[in-house]
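Numbering of ligands and ligand atoms starts at 1, following listing order. These values consider heavy atoms only, across backbone and side chains, with no hydrogens, waters or symmetry-generated copies.
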Amino acid sequence: SSVFAALAQAPEDPILGVTVAYNKDPSPVKVNLGVGAYRTEEGKPLVLNVVRRAEQMLINNPSRVKEYLPITGLAEFNKLSAKLIFGADSPAIQENRVTTVQCLSGTGSLRVGGEFLARHYHERTIYIPQPTWGNHPKVFTLSGLTVRSYRYYDPATRGLDFKGLLEDLSSAPLGSIVLLHACAHNPTGVDPTIDQWEQIRQLMRSKSLLPFFDSAYQGFASGSLDKDAQSVRMFVADGGELLMAQSYAKNMGLYGERVGALSIVCGSADVAVRVESILKLVIRPMYSNPPLHGPSIVATILKDSEMFNEWTLELKAMADRIISMRQQLFDALKSRGTPGDWSHIIKQIGMFTFTGLNSDQVAFMRQEYHIYMTSDGRISMAGLSTRTVPHLADAIHAAVT
Ligand SMILES: Cc1ncc(COP(=O)(O)O)c(CN[C@@](C)(CC(=O)O)C(=O)O)c1O
C-alpha cells in the first residue's frame, strides 16, 4: 500500500502535453505545432552557432569553476539583460533605479515576481489578458495573487479588442497589477500598435496600475531586438515603475538551460537596493541560487559586439523563417480555396498563429492528419517547414469544409 494511493492521475499540461501525445504517435506524417520551440526547415531543433562558439570559449577557459552563484545570479548577466530590454541608454539604468535578478527562465522570473508582489505590494490583484499563455494564471495564483482577466482578443475581427481592454483596465481598482506581453502576444499573435500602447500607458499611469511585462520573444516578433522592446521602453521613459520578466529560451535557443531575469524598475536607486534585498528573501528558500552555465553563455555573447551582431543575424533568420511559413500557409489555403478569411495568418506576428479553429476541428486534425496543436487553435509556426505546409493546409481544408 502507499500513503499516496488516494492520488488521482493529473491531466497533462495543455501545451507540453501536446508534445507527449506527439511523441507517442508512430505516424510518419505527424507534425508537432504545439510547444513554441523553434525548428529548422528540416524540422530539427536549432543550437545557434554563436551559442556553440560561446560554449566552446567557456569550456576552453581553464580558470572557470563551478562555485555557487550569488542568490541574485550572475551579476554580469543581470546587467547585460537589463541593457538588452531597456536599452543601453535607458535613463532608469543610468540612475541605478533598476534591480535585476537572474531567474529560472521566463517562468521562474514571473513566479519570483509574483511571490514578491503577493508579499510586499499592497494590491493582490493581477489582471491578465484574455486569452494569455496557459501557465500565467497558475503561476500567479500559486504565487498568492488574485487573478482577473482583461479583454484582449476579439474573435470576430481576430484582432485586438482595444475598447474592451481600455474598459477593463479603467475599471480595475487603483494600483492593480497588470500583466502585459511585451511583444508577440501568446497565443493570439496580436499586439497593440504603438499608438495603442501609448493610450494603454497613459491610462495605466493615471490609475497607478503596476505594469508587469512578460518578454519571452524579444527579437522574434519583428526580427529587431529594439523594435520588440518599444512598448517596454515607453513605460520606462515616463519615469514610472514596472516589473519585467525576460526569457532567453526562444531568442537564444536556450530552452533547456532555463535562462531568464526579473527586473524591477524602481522610483529611486535606494528603493532599488531595498527591493533587491527583498527579492533575495524570496529566492533563497525557493531554489537558493540559479544555474551557472546558461547565463555564462548569454553574458559571453552580449558583452562581445562581434558575437552580439552574429546573434542578431541568427535571430533575424529565425524570425524570417517563421514569417515565410506564414506566407506559405496563407498561399496554400488560398490555392485550395479553403473557405474563410485566412489573412490573420500573415497579419499576426511572433511564434504563433491563432487560427480560429475550434477544439473539435483540432481533434479532427490530430486524428485524421496527425497534426498536433493546442486545443485553443494555436499553432507554432516554427514547427512548420516547406515540406509540411501542404499537409497542414490539407488538414485545415478538411477540417473547415
Ligand atoms: C508568454 C510566455 N511567457 C513565458 C514563457 C515561459 O518560457 P520559459 O520559462 O521557457 O522561459 C512562455 C513560453 N511558452 C511556450 C513557448 C512554452 C511553454 O508553454 O512553456 C509555449 O509553447 O507557449 C511564454 O509563451
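- By the criterion of a heavy-atom distance under 4.0 Å, neither the backbone nor the side chain of Tyr248 is placed next to ligand 1.
- Contacts between Asn186 and ligand 1, counted as non-hydrogen atom pairs separated by less than 4.0 Å, involve the side chain only.
- Heavy-atom proximity to atom 12 (C) of ligand 1, evaluated over Lys250, Glu257, His136, is greatest for Lys250.
- With respect to atom 8 (P) of ligand 1, the closest heavy atom belonging to the protein is Ser105 OG, 3.4 Å.
- Listed by atom number, the atoms of ligand 1 under 4.0 Å from Gly36 heavy atoms are 16 (C), 21 (C), 22 (O).
- For ligand 1 and Arg258, the ligand atoms under 4.0 Å from any heavy atom of the residue are 8 (P), 9 (O), 10 (O).
- Ring centers of Phe354 and Tyr153: under 6.0 Å apart, within the cut-off.
- For Thr107, heavy-atom contacts with ligand 1 shorter than 4.0 Å involve the backbone as well as the side chain.
- Checked by distance only, ligand 1 and His181 stay at 3.5 Å or farther apart across all their nitrogen or oxygen atoms.
- Residue, atom and distance of the protein heavy atom nearest to atom 24 (C) of ligand 1 are Tyr217 OH, 3.7 Å.
- Looking only at heavy atoms of the protein, atom 18 (C) of ligand 1 is closest to Trp133 NE1, 3.6 Å.
- For ligand 1, none of its N or O atoms has an N or O atom of Ala249 under 3.5 Å away.
- Contact annotation for Arg378 and ligand 1: only side-chain heavy atoms (C-beta onward) come within less than 4.0 Å of the ligand.
- With respect to Lys163 and Asp154, no salt bridge is recorded, no charged nitrogen being found less than 4.0 Å from a carboxylate O.
- Short contacts between ligand 1 and Asp214, defined as distances under 4.0 Å to a heavy atom of the residue, involve ligand atoms 1 (C), 2 (C), 3 (N), 4 (C).
- Applying the 4.0 Å criterion to heavy atoms of Val35 picks out, from ligand 1, the atoms 17 (C), 22 (O).
- Residue-ligand proximity, Gly106 to ligand 1, at heavy-atom distances under 4.0 Å covers atoms 8 (P), 9 (O), 11 (O).
- Between Arg151 and Asp168 there is a salt bridge, with a side-chain nitrogen of the basic residue lying less than 4.0 Å from a carboxylate oxygen of the acidic one.
- Residues Arg97 and Glu95 are paired through a salt bridge, judged by an N-O separation under 4.0 Å between the basic side chain and the carboxylate.
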